[in-house]
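In the text below, chain A, chain B and the rest are named by the order of the sequence lines, each starting its count at 1.
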There are 2 protein chains.
Amino acid sequence: MGTKETREHSGTEQAIMEAAEELFLENGYNLTTTTMIAKKAGVTHAMLHYYFRTKEHIFVKVLDKNMEELLASFYPVMRKDAPFWESLETGISTHFDFLMKHPKLPTFLYDTVRFNPELMDSYKGRIRETVSRIVRFHCKLIQEEIDKGRICRIDPLQLVLDIATLNLSAFMMIPVATGMFPEMGSGMAEEILKSRKEEIIALVRARLYGRLEETQHDTKTI
Amino acid sequence: MGTKETREHSGTEQAIMEAAEELFLENGYNLTTTTMIAKKAGVTHAMLHYYFRTKEHIFVKVLDKNMEELLASFYPVMRKDAPFWESLETGISTHFDFLMKHPKLPTFLYDTVRFNPELMDSYKGRIRETVSRIVRFHCKLIQEEIDKGRICRIDPLQLVLDIATLNLSAFMMIPVATGMFPEMGSGMAEEILKSRKEEIIALVRARLYGRLEETQHDTKTI
DNA sequence: GTATTGTTTAACAACGGTGTTAAACACGCG
DNA sequence: CGCGTGTTTAACACCGTTGTTAAACAATAC
């Protein structure tokens with residue numbers, strides 16, 4: 001059953017990292033014990049302290065790996081090599097597809113920010129930078145389109161929040177859905193997520209292009 | 001400093017419950033210790049076990065209280081005493097305002113469902129019932145409006161998901177925002193939430209009424 | 001005053017989690 | 001073989017958490 005025999009000395013470190021990543025992504029820092037990691041990796045818990053001195057070291061390694069992937073994933077979102085809407089749509093779509101490949105990332109980071117914010121400190125700067133770049137990027141594009149009268153007036157920050165929260169919450173709902181309605185397997189979830197993506201895009205498009213004349217009542221541009 | 005002197009014997013139970021509610025709502029079950037509750041209530045931790053035998057008992061009391069409020073909050077959402085859109089808009093608004101009064105409820109229940117689902121077991125039935133009633137309620141109304149050609153075709157489940165996730169994530173973002181951008185105090189948050197509510201309503205309205213002819217390409221009704 | 005009852009305290013037991021250490025083990029090299 | 005290096009094990013120390021208990025305390029009734 002164990003993977004012990006297929007791994008000569010020093011697949012160990014790898015095995016620990018894999019087990020740790022899986023558990024940390026699922027349960028967060030506080031609810032993952034070094035014993036759980038050791039058990040899942042098929043080693044004694046003393047090994048964790050031999051390879052990585054502390055639990056925190058292991059966590060930071062997992063966090064680093066995932067944060068790099070996350071931050072990298074934002075760059076393709078800010079390309080402008082097509083007309084406004086196509087560009088925005090592929091941006092949403094790309095972001096959604098990234099989350100599809102890392103469905104546990106949103107809850108993982110959510111947990112970390114809430115319960116171990118100090119572990120995120122080293123990333124605060126880059127995150128703020130990235131967020132402000134995204135907002136500024138879209139501010140500019142949106143303002144251009146508004147000026148041309150092609151879309152309705154909207155606060156770009158609100159639009160970014162719309163897209164981000166819709167995409168993220170689609171994945172953050174998964175634990176709720178499976179916990180509350182266990183009869184739907186993960187196969188069902190995949191189907192729902194696909195239609196969710198279509199819906200989110202439809203929603204944003206309607207928001208921008210629907211009823212140009214009426215929708216500009218109370219949203220203010222910053 | 002303590003509140004001890006203002007409370008004669010047996011404000012204790014009350015004090016414990018209040019401390020417990022605050023801490024459980026903030027940190028969830030696993031990350032709240034009985035010692036923390038005792039300290040916040042200004043009593044020794046043995047008192048918790050004297051009044052409520054176990055930590056779980058205290059938690060269940062807090063959970064019960066909040067679940068009752070939550071479930072009750074869904075009924076006013078399903079009134080139909082006005083035209084379709086006004087009715088839906090006040091539904092969204094009512095739901096949002098409820099969350100405004102209980103801003104920590106979403107994360108609290110989210111944590112509980114993910115990490116202590118067994119504590120939610122007693123509510124599973126009522127939750128499923130409520131969810132399915134809401135979906136059925138809106139299914140009917142939406143189908144009527146679609147048949148009359150007043151709104152564009154849309155899967156009612158997706159619309160309910162849109163509204164629910166937009167409203168919920170507005171509040172679930174708060175810990176992220178304050179954790180990541182501590183310079184914005186809770187006063188700022190209030191402002192943002194107010195504009196968020198307007199934006200969510202605008203989004204849903206545009207989704208339903210914008211570009212009737214084009215939007216019905218790939219959303220399928222169940 | 002004393003007995004009774006309910007409340008509070010302080011000390012303790014049991015457990016699980018993190019991290020350490022010394023000894024056992026495996027392996028390549030002289 | 002014997003030696004050194006790197007790896008693994010098992011036992012342990014330490015701490016925080018939950019829950020118990022016996023004794024101290026307060027208040028009321030007799």
Partner residues of Glu190(B) under the side-chain contact (heavy atoms from CB on, under 4.5 Å) criterion, sequence neighbours left out: none
Partner residues of Ser122(A) under the side-chain contact (heavy atoms from CB on, under 4.5 Å) criterion, sequence neighbours left out: none
Could you list, one pair per line, each protein nitrogen or oxygen that sits under 3.5 Å from a nitrogen or oxygen of nucleotides 23-25 of chain C, together with the distance?
none

The side chain of [X] lies closest to which of these nucleotides: [options]?
X        : options                   : value
His45(B) : dA10(D), dG19(C), dG19(D) : dG19(D)
Met47(A) : dT9(C), dG19(D), dT9(D)   : dT9(D)
Thr12(A) : dT21(C), dT8(D), dG19(C)  : dT8(D)
Thr44(A) : dT9(D), dT18(D), dT7(D)   : dT9(D)
His49(A) : dT18(C), dT20(D), dG6(C)  : dT18(C)

Those residues that, when tested against Phe171(B), pass ring-ring contact (aromatic ring centres under 6.0 Å, His included) (two or more places apart): Phe96(B)
For Tyr75(A), side chain to side chain donor-acceptor pair (under 3.5 Å) partners two or more places apart: Arg133(A)
Distance in angstrom units between [X] [atom1] and [N] [atom2], rounded:
X        : N       : atom1 : atom2 : result
Glu13(B) : dT8(C)  : CD    : P     : 10 Å
Asn27(B) : dT17(D) : CG    : P     : 12 Å
Arg53(A) : dT7(D)  : CZ    : P     : 16 Å
Ile58(B) : dT17(D) : CD1   : P     : 15 Å
Tyr50(A) : dT7(D)  : OH    : P     : 4 Å
Tyr51(A) : dT8(D)  : OH    : P     : 4 Å
Leu48(A) : dG19(C) : CG    : P     : 10 Å
Gln14(A) : dT7(D)  : CD    : P     : 15 Å

Pairs satisfying side chain to side chain donor-acceptor pair (under 3.5 Å), at least one member in residues 164-179 of chain B, at least two apart: His95(B)-Asn167(B)
Contact check, side chains of [X] and [Y], non-hydrogen atoms, under 4.5 Å:
X         : Y         : result
Leu88(A)  : Leu141(A) : no
Leu193(B) : Ile174(B) : yes
Leu203(B) : Leu203(A) : yes

Pairs where [range] contributes a residue and the test salt bridge (charged side-chain N to carboxylate O under 4.0 Å, His left out) is met, not counting sequence neighbours:
range                       : answer
residues 162-178 of chain A : Asp162(A)-Arg196(B)
residues 36-58 of chain B   : Glu22(B)-Lys40(B)
residues 58-67 of chain A   : Glu21(A)-Lys65(A)

DNA chain D contacts made by residues 30-39 of chain B, counting heavy atoms under 4.0 Å: Thr32(B), Thr33(B), Thr34(B), Thr35(B)
Identify each donor-acceptor pair in which a side-chain atom of residues 99-108 of chain A lies under 3.5 Å from a protein atom, sequence neighbours left out, and give them as a table.
| from | atom 1 | to | atom 2 | distance (Å) |
| --- | --- | --- | --- | --- |
| His102(A) | NE2 | Glu69(A) | OE1 | 3.2 |
| Lys104(A) | NZ | Glu26(A) | OE1 | 2.5 |
| Thr107(A) | OG1 | Lys104(A) | O | 3.1 |

End axis versus end axis in the helix from dG1(C)-dC30(D) to dG30(C)-dC1(D), the angle rounded to 10°, five pairs used at each terminus: 30°
